[in-house]
Amino acid sequence: MPSPALLLLIATLLPLASFVVLLLWGKRIGNPYAGHIGTLAVAGSFVCSVLAMIFWLYAGADNSLSWGANKAPIEISFPWIPTGDALWPAGHAPAKPGYMDLSIYVDSLTVVMFVMITIVATSVHVFSIKYMHEDARFPRFFTYLGLFCFSMLGLVLGGTILQLFVFWELVGLCSYLLIGFWYEKKSASNAAIKAFIANRVGDLGFLVGFGILFYHLGNASLPALYGMLGSAGSGGDITIGSGASAVVFSSTALTLMGLGLFCGAVGKSAQFPLHVWLPDAMEGPTPVSALIHAATMVAAGVYLVGRIFPILTPEAKLVIATIGLITLTMAALIAITQSDIKKVLAYSTVSQLGYMMLAMGVGSWMGGLFHLITHAFFKALLFLGSGSVIHAAHHEQELPQYGGLAHRIPWTAGTFLVGVLAIAGLGFGPLGFSGFFSKDTILVDAAQFAQLSGGKIYWIYFIVPVIVAYITAFYMMRCWTLTFAGKPRNRHLYDHAHEDPVMFIPLVVLAILAVGGGYIGVQSMLRNSIQETRAYVSSDRQAFVGFDTAFQHRLPGEPSEMAAESVDAGLVEEEHHDAIYEKAHHLVVMYVTPAFLVGIGLAFVIYRKGYRYTDAMLRFAPLKALHTFLYRKMYIDELHNALFVGGAHVVARLCGMVDKYVVDGLVNVVAYAARVVAWISGIHDKYVIDGAVVGSGKLAWLIGGIGRGAQTGRVRGYVTLMILVFAAGLVVAMACYLA
């Protein structure tokens with residue numbers, strides 16, 4: 001097994017090993033050593049992931065680092081499930097014909113995802129040792145964290161859609177266990193159930209999409225799918241094979257397949273309308289929130305869409321972009337009014353996930369995954385920072401109770417501000433926080449998409465995200481200002497607030513990544529992932545075009561791909577694309593760069609004195625009504641309760657009525673009829689059967705009584721009777737003779 005694949009496999013198995021150890025002996029090991037075991041295991045995964053990246057980047061021939069250039073993906077397959085005949089492109093046949101493979105697939109995307117997941121998970125584990133040290137179920141917490149990390153790493157390492165689904169479900173199970181970790185709280189158990197059910201709804205769509213895929217092709221290997229369906233992005237039907245064995249995959253079936261698989265991502269990555277579970281997931285411990293929102297569960301949905309991007313039709317991508325647009329806008333507006341610090345961060349996560357899905361839909365494959373990586377750094381920082389605040393404030397989560405905490409917990413305040421500036425997109429030109437580069441990439445590609453699509457309606461996919469960029473800066477600075485600036489609004493809480501040195505060490509590490517995440521070569525790794533996949537899939541068949549619909553920016557200093565070609569048409573097309581790119585970039589610089597200044601400045605001015613100004617504004621009835629509408633989350637939860645929960649209750653009542661009046665009624669009628677028949681049968685038995693038997697006995701008794709009356713017991717009487725009978729018989733005989 002090649003070194004990178006072996007290292008990543010070890011990185012995947014280490015959290016599983018910690019899970020097994022803590023599951024069997026966690027209580028005996030106890031606190032804090034159970035936490036140390038879990039932390040060492042995931043830290044080992046991080047070391048293995050970094051070593052795998054070094055091996056992956058090492059060019060070998062010229063002993064230099066080249067960010068994965070000229071590498072080929074590693075695919076290692078083992079026969080798993082018998083499937084019968086299946087279609088396989090040349091060069092990508094299964095390890096054993098007639099079986100679906102269990103495979104490992106490693107490319108630049110796999111490597112960079114492993115590093116991101118493990119560094120965030122390690123930070124969360126270190127933070128959790130102190131945050132959870134007083135919890136009675138401390139060993140169980142780290143047991144669940146180990147299984148969670150294993151599930152996410154296994155999902156990324158798998159090379160088939162079916163493997164992805166298996167680990168996908170395991171991730172869902174872990175989220176259920178961790179969200180409901182404090183299950184004695186009714187709100188926590190309800191939140192866990194809500195998350196589980198919402199994801200099951202999405203997973204039903206996933207299974208439908210997978211069923212369509214497997215029905216047509218008979219396999220689910222990623223390279224095989226790319227080879228057979230790589231032209232889906234161009235639209236139209238796809239014919240696979242030739243002659244009598246040819247299979248036609250219609251564009252409608254392709255679109256339904258893509259949307260079905262995307263439904264799984266709607267659930268996992270909390271997209272409208274299945275986003276309702278994510279804010280409620282804040283009922284779990286704060287480190288769990290950091291892990292879910294940054295590196296595991298919600299990242300799984302975006303990763304899935306990134307992997308299936310080459311087989312998505314234009315119609316499916318447009319739906320994905322639209323869902324992302326709705327999600328990012330709705331969540332940002334709701335976040336403005338939330339008073340719970342974790343709810344603000346939760347809705348910011350939903351909004352940023354909307355940006356990622358919008359990116360995938362408009363063709364910004366690199367932008368969406370780049371934002372997934374940078375978002376993991378600053379969102380883990382923000383959630384762990386909120387955990388530090390909550391820990392300092394004795395588990396108080398309401399913003400109105402905070403104020404002035406920068407004087408009591410300065411490290412938390414400083415690192416939290418870094419996260420705010422990163423998610424707001426602070427930057428200009430070549431300098432900026434990580435979120436600036438990734439969000440800038442998405443918006444530039446959205447502008448290109450609108451320009452190339454040719455219709456004015458498509459500019460909504462650029463204009464609305466730009467407006468939301470201002471809103472993001474506003475609500476995040478609002479959160480920071482209400483927490484750390486101004487005067488204390490709860491003096492007792494302020495006086496007893498304190499900062500733990502162990503807890504702010506992960507905050508400093510994540511703050512460094514939130515600042516420098518745009519400079520560490522993530523874009524280069526993603527770009528090379530496209531090149532690697534294209535070269536690998538195209539090796540034995542026609543050129544792979546699955547990423548031709550994705551915008552691929554030239555990195556600084558990188559020459560044009562067509563510059564060396566002499567084909568005039570190619571040069572013209574390249575120049576046209578460059579002109580559109582420059583125009584799009586100009587629009588982003590013009591309208592988005594001031595976003596952090598306007599949003600951050602406005603939030604600080606309004607909230608530096610707490611709620612004084614906003615309370616005055618809310619005296620205006622329309623603003624108060626709007627605030628209530630947003631604070632109640634646009635009543636989407638109530639709508640869900642009315643349509644789905646209430647609908648389920650209505651169906652349950654209908655079923656109860658059918659059961660009571662139809663099923664039970666039929667049973668009761670049959671029972672009544674049986675009682676009538678039994679009554680008639682009883683009458684017949686009593687008066688006919690029993691009557692005949694009793695009557696026969698009485699007749700015999702009567703005859704016996706008559707006969708018994710003649711039995712006097714006297715010989716004289718018997719002789720007299722015999723004489724009389726004999727005489728009577730003689731008389732009768734004589735009469736008969738004479739006659």
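Residue numbers start at 1 and run along the sequence shown.
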For residues 38-46, which side-chain donor-acceptor pairs fall under 3.5 Å, sequence neighbours excluded?
residue	atom	partner	partner atom	Å
Thr39	OG1	Gly35	O	2.7
Ser45	OG	Ala11	O	2.6
Ser45	OG	Ala41	O	3.3

Output a table of donor-acceptor pairs, distance under 3.5 Å, between side-chain atoms of residues 302-309 and any protein atom two or more places apart or on a different chain; print 'none' if there are none.
residue	atom	partner	partner atom	Å
Tyr303	OH	Val156	O	3.0
Tyr303	OH	Arg307	NE	2.9
Tyr303	OH	Arg307	NH2	3.3
Arg307	NH1	Asp107	OD2	3.0
Arg307	NH2	Asp107	OD1	3.0
Arg307	NH2	Thr110	OG1	2.9

Exercise answer: donor-acceptor pairs, residues 289-296 side-chain atoms, under 3.5 Å, sequence neighbours excluded:
residue	atom	partner	partner atom	Å
His293	ND1	Thr349	OG1	2.9
Thr296	OG1	Leu291	O	2.7

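In this view, Ser269 satisfies the side-chain hydrogen bond (donor to acceptor under 3.5 Å, both in side chains) rule with no residue, not counting sequence neighbours. Remark: Ser234 engages no residue in a side-chain contact (heavy atoms from CB on, under 4.5 Å) (not counting sequence neighbours). Remark: Val319 pairs with Leu259, Ile323 by the side-chain contact (heavy atoms from CB on, under 4.5 Å) rule, at least two apart or across chains. Take Thr122 and apply the side-chain hydrogen bond (donor to acceptor under 3.5 Å, both in side chains) test, not counting sequence neighbours, and it matches no residue. Residues that satisfy the side-chain contact (heavy atoms from CB on, under 4.5 Å) test with Tyr215, not counting sequence neighbours, are absent from this structure. Partners of Ile193 according to the side-chain contact (heavy atoms from CB on, under 4.5 Å) rule, which considers only residues two or more places apart in sequence or in another chain, are Tyr176, Ile197. Remark: Phe272 pairs with no residue by the ring-ring contact (aromatic ring centres under 6.0 Å, His included) rule, at least two apart or across chains.
Counting only distance, with no hydrogens or angles, the side chain of His371 and the backbone of Gly367 share no donor-acceptor pair below 3.5 Å. Within the 3.5 Å criterion, the main-chain N or O of Gln352 finds no donor-acceptor partner in the side chain of Lys439.
Across all non-hydrogen atoms, the minimal contact from Ala220 to Leu162 is CB-N, 4.1 Å.
The side chain to side chain donor-acceptor pair (under 3.5 Å) analysis of residues 165-174, with sequence neighbours excluded, yields the pairs Trp168-Asp203, Glu169-Arg200. Sequence neighbours left out, not one pair with a member in residues 141-150 passes salt bridge (Lys or Arg N to Asp or Glu O under 4.0 Å).
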